[in-house]
Undergrad: 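Below: one structure in structure tokens.
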Amino acid sequence: MKKERLKSAAGIALAAAMLLSVTACGGNGNTNSNAGNTAANNGTVNNANQTGNNAAAEDNLYGYSTPVKLNVGFALASDFKAQGQETETQNTWMDLYKENGFDVTPMYSVDSSQGATKLSTAIASGSYPDVFGVTASDLVKYAQTNVIADISDVYEKYATPELKEYLNTDEGASLASAKVDGKLYAIPKMGSGYDSVMMMFIRQDWLDNLGLKVPTTMDGLIEVARAFTKDDPDGNGVADTYGLVLNGKEGFGSLSGLQAFFEGYGAVPGHWNGKFTFIEKDGEVVWGGALPDEMKKGLTALQGMYKEGSLAQNFGTMDLTAINKDLGSGKAGIFFAPMWGAMTSIMDAVKSDPNAHFTSARIPDGNGEGSSKAYMPTLPETYFVISSKAKNPEALIKMVNLSVQKLIHPSDEEEFNKYYGQPDVYSGWKFSLTPTLNPLKNLDNYYKESKALQTGDVSELNVEQKGDYDKMKYYLDAVKAGTAKDMIAANDATFLNGISLYTVFGDPQGGEATVDQIKTSSAYNISAYNYIPTETMSAKYSTLNKMALETIVKIIYGDSVDSYDKFLTSWKALGGDEVTKEAQEWYDSTK
């Protein structure tokens, strides 16, 4: 296999499970969420017990010839079980650190629920780890109180080209967010904003039944939604379907959140990450809902769809559960979601109708060709930092260099499997002290798995990709052999998992195919504010976000579309202008 970027796990469910695995040296202030576990997934270095502190940092970008002793702490998720013969101190990553001059010895091992407390107590005592993970909020706090070190110089000197490439995946937005007062204080753990961009999913079998094509404009979407409501798309002779399902109760959620419709017009009034959606418009930072022309045009369209029955009449009270029920039972035909959106609904839908088939596409254009812009948040959840007391601050950079080398640029398939992990053999990256899974892993899985399905050549697939391929091939073979109905009737788990994965990685019109189109055409609005919320933003967000949601729902139900202008006036007066000004100041400071 060529020496290239190898992305990590194939499959969203697996990725989610990994977030609940090992956490080394606790803490980000969260004790009961995936974000907390992720932020805690790192190593700690005890400055007081280092050896060779006065030695030269060395030009070696991956370690030391004179060993540096690193005392670490683990905060392991309660359901984590090491694979094979591994333990906290005996595993592939501990061996790797030793080979590269990092003498790693655990300071403590606690349950992940105690990791944040353990770290904060250590910091309060003044005797705290050297390397640990924080959230964006703690990053600023610790930088301003001199808990962590400015790593601007050591980053420039020791970061490998591969590390810099890794950190430029989002055009440098995450790295910029790791700066406080213009100085670099952390290495962000990169995620992929592409995994969060919204797209449209649609019942392709209904389109085929009615002789329709996937809509590319909002006018087209309105017509298709009307046909799905009026023209019996499932052919059962009963008026029991409707066009577009929307989440009116939870508002700006990931599964058919209201904001997605407005993204077709270039606006974005909210997002499920709980932060203001600031975007760049004509060189200025604006809240994505403060675009009256775009928002009112979208509101007019939705209001019309509601009046003619193309939306559920109770959409304002529909939540995630209700949406999944309507999609899975074959009642609704169109929804919005990130690339994983059809994974659950298709498994239920085929049980109701074996011919059910969801495909995806970009959210249709509402203001002319190219107006659809998917919103892409970019603020990382985890930042790796090093203590201001550390005499070897470059140790952080070297550890991350090593992680990038093994997890993103391995020399071959064997090396990748060794450090990423194999079921029942190695826990892999879960024991890395600074894990750097490739942020474009899902796109890579799509490229390789979809190609393998076309050619039958699986030689370029890693272990996880091969597992996905096998399940999708099982599903496709059943369809070809005419046994799909039997598999569905038997509730065959491999078949159902295969069709679920196919909606993301295998289908030429699947989720990742649409992500690729969005990426290639730059059809997205990148968040213009990639930093932690200011105190004002935190104080104002809940009220202003609730106002926006309630206003949108009321207008769709029948309030005057022009009432949105009055809402914007109130939004600005109640803090909207102030938070936008703060976002603009941050944006200007990064230029």
Side-chain angles (χ1 to χ4, degrees), residues 18-27 37-53 60 62-119 121-122 127-133 189 382 384-387 390 392 395-396 398-407 410 414-437:
M18 287 174 176
L19 293 178
L20 296 174
S21 61
V22 65
T23 62
C25 195
N37 287 326
T38 304
N41 190 0
N42 55 78
T44 69
V45 184
N46 189 322
N47 167 60
N49 291 315
Q50 278 188 339
T51 60
N53 281 339
N60 178 359
Y62 299 96
Y64 301 89
S65 58
T66 301
V68 173
K69 186 175 182 180
L70 308 178
N71 286 350
V72 304
F74 290 100
L76 303 173
S78 58
D79 62 349
F80 172 74
K81 293 182 180 179
Q83 301 296 304
Q85 302 299 312
E86 290 185 324
T87 66
E88 294 172 15
T89 57
Q90 302 293 324
N91 58 70
T92 54
W93 280 88
M94 294 303 111
D95 291 344
L96 179 66
Y97 293 136
K98 184 175 181 180
E99 292 167 6
N100 285 274
F102 295 100
D103 183 8
V104 177
T105 304
M107 294 171 61
Y108 58 80
S109 179
V110 298
D111 185 86
S112 59
S113 63
Q114 301 299 315
T117 300
K118 192 76 173 181
L119 178 62
T121 300
S127 178
Y128 54 91
D130 279 350
V131 175
F132 51 98
K189 182 180 179 183
T382 307
F384 299 120
V385 298
I386 190 162
S387 167
N392 293 97
L396 172 64
K398 292 187 177 188
M399 293 179 77
V400 181
N401 284 343
L402 200 59
S403 179
V404 168
Q405 182 192 60
K406 301 304 181 185
L407 292 176
E414 181 179 358
E415 182 173 75
F416 173 75
N417 291 338
K418 180 178 181 180
Y419 293 106
Y420 174 72
Q422 297 185 66
D424 301 320
V425 182
Y426 305 113
S427 296
W429 69 270
K430 300 169 190 178
F431 278 125
S432 171
L433 303 182
T434 56
T436 54
L437 302 181

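Values below: all heavy atoms of this structure, side chains included; hydrogens, waters and symmetry mates excluded.
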Undergrad: Contact between Pro67 and Tyr97 at the side-chain level, heavy atoms closer than 4.5 Å - yes or no?
TA: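 No; the side chains remain at least 4.5 Å from each other.
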Undergrad: Using 0.5 Å steps for rounding, measure from the OG1 atom of Thr436 to the CE atom of Met399.
TA: 11.5 Å
Undergrad: Of the non-hydrogen atoms in Ser387 and Tyr128, which two are nearest, and what is the gap between them?
TA: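 Between these two residues, the closest heavy atoms are OG-CE1, 3.1 Å.
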Undergrad: With rounding to the nearest 0.5 angstrom, report the NZ to CG distance, Lys418 to Leu96.
TA: 8.0 Å
Undergrad: For Ser403 and Thr434, work out which heavy atoms get closest and say how close.
TA: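 Answer, listing the atom of Ser403 first, then Thr434: OG-O, 2.9 Å.
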Undergrad: Flag the pair Asn60 / Ser65 as yes when at least one side-chain heavy-atom distance between them is below 4.5 Å, and no otherwise.
TA: no
Undergrad: Distance check, rounded to the nearest 0.5 Å: Thr66 atom OG1 versus Asp103 atom CG?
TA: 12.5 Å
Undergrad: Which is it for Leu433 and Phe102 under the side-chain contact (heavy atoms from CB on, under 4.5 Å) test, yes or no, and what are the steps along the way?
TA: CA-CA 11 Å; Leu433 303 182; Phe102 295 100; over 6 Å; no
Undergrad: First locate atom CG of Asn392, then atom CD1 of Ile386, and finally report the distance between them rounded to the nearest 0.5 Å.
TA: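 Answer for the CG-CD1 pair, Asn392 versus Ile386, is 7.5 Å.
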Undergrad: On a heavy-atom basis, which atom in Trp93 and which in Asn91 lie closest, and how many Å separate them?
TA: N-OD1, 3.1 Å
Undergrad: Are Thr92 and Tyr419 close enough that some pair of their side-chain heavy atoms sits under 4.5 Å apart?
TA: yes
Undergrad: Is it true that atom NZ of Lys118 has more than 12 heavy atoms of other residues, nucleotides or ligands lying nearer than 6.0 Å?
TA: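 Check fails, neighbour count at 12 or below.
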Undergrad: Fit a plane to each ring of Tyr420 and Phe416, take the angle between them on a 0 to 90° scale, and name the class: parallel (under 30°), tilted (30 to 60°) or perpendicular (over 60°).
TA: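 Ring orientation, 0 to 90° scale: parallel.
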Undergrad: Quick one: pull up CG in Asp95 and OG1 in Thr89 and give me the separation to the nearest 0.5 Å.
TA: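 It is 10.0 Å, given to the nearest 0.5 Å.
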Undergrad: Work out which heavy atom in Val131 is nearest to a heavy atom in Leu396; give both atom names and the distance.
TA: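 Shortest heavy-atom contact: CG1-CD1, 3.8 Å.
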Undergrad: Atom CG of Asn401 and atom NZ of Lys406: how far apart are they, to the nearest 0.5 Å?
TA: 12.0 Å
Undergrad: Heavy atoms only: give me the nearest Glu88-Met94 pair and the separation to one decimal.
TA: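 For Glu88 and Met94, the tightest heavy-atom pair comes out as O-CG, 3.4 Å.
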